[in-house]
Asker: 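Mind looking over this structure? Questions follow.
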Amino acid sequence: MENDRYSISNLCVSCKKLSCCTDFFPPLLYPSDLIRLKNVGKSENEFLKNIRINGNVIKTIKKKENSTTCMFWDEEKRLCGIYNDRPFDCKMFPFDVVWTNNEYHWIVYSCNPESDWAWTEQYLQKLESDPQFNEMMQNNKGIRLTSDNPEYLANIEEPPYAVLRKVNWKE
Ligand code: SF4
């Protein structure tokens with residue numbers, strides 16, 4: 001499936017920008033991310049940063065000094081330096097959950113949001129069955145990232161995105 005014309009691998013291969021780890025909003029971290037990140041060989045002070053969204057304090061990963069690039073991005077290899085321990089937010093990319101029209105919805109970031117996104121359903125179902133998905137939703141209830149939230153958008157040069165469908169999740 002990964003080699004099909006419409007797949008995540010092709011989506012990212014055709015991306016000319018390769019900016020998801022450089023000028024994108026930093027990944028939001030949840031309790032199990034923080035446990036996994038103990039493996040990266042750095043103290044939390046070195047890589048964690050608190051930010052505020054809708055008045056809630058959320059932990060994220062720092063950017064490199066005077067840079068918009070995630071501190072774990074390996075410039076030489078052009079890869080995530082902590083790939084196996086990367087946060088769930090990074091694993092979800094290019095999918096994301098936003099609160100819009102009074103419901104949580106899946107979106108996909110893409111340079112080409114008008115594409116046929118039918119192929120994404122298998123990925124959405126896989127993400128929804130991941131135990132970390134429930135953890136993320138429980139933790140994000142108070143945040144409700146919305147595409148028109150000024151605090152969210154102030155930190156991001158948001159690429160185009162397409163709304164896929166409502167999120168299947170019960171509290
Ligand atoms: S942790 Fe890795 S995948 Fe996530 S933003 Fe940083 S470099 Fe990219």
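Counting starts at 1 for both ligands and their atoms, in listed order.
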Asker: Quick one: are the ring centres of Trp73 and Tyr83 less than 6.0 Å apart?
Answerer: no

Asker: Of all the non-hydrogen atoms in the protein, which one sits nearest to atom 2 (Fe) of ligand 1, and at what distance?
Answerer: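 Here the closest protein heavy atom is Cys80 SG, 2.3 Å.
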
Asker: Can you establish whether the number of heavy atoms outside Glu46 located under 6.0 Å from its atom CD is more than 12?
Answerer: yes

Asker: What protein heavy atom sits nearest atom 6 (Fe) of ligand 1, and how far away is it?
Answerer: Cys70 SG, 2.3 Å

Asker: Would a line drawn from the ring center of Phe47 to the ring center of Phe72 be shorter than 6.0 Å?
Answerer: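 Yes - the distance between ring centres of Phe47 and Phe72 falls below the 6.0 Å cut-off.
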
Asker: Identify the protein heavy atom lying closest to atom 8 (Fe) of ligand 1, giving its residue, its atom name and the separation to 0.1 Å.
Answerer: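 Checked against all protein heavy atoms, atom 8 (Fe) of ligand 1 sits closest to Cys21 SG, 2.3 Å.
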
Asker: Give me the residue, atom name and distance of the protein heavy atom closest to atom 4 (Fe) of ligand 1.
Answerer: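 Looking at atom 4 (Fe) of ligand 1, the protein heavy atom closest to it is Cys90 SG, 2.3 Å.
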
Asker: For the CD atom on Gln125, are there more than 12 heavy atoms of other groups (residues, nucleotides or ligands in this structure) within a distance under 6.0 Å?
Answerer: yes

Asker: So with a 6.0 Å cut-off around NZ of Lys64, is the heavy-atom count from everything else above 12?
Answerer: yes

Asker: Show the atoms of ligand 1 that are less than 4.0 angstrom away from any heavy atom in Trp73.
Answerer: 7 (S)

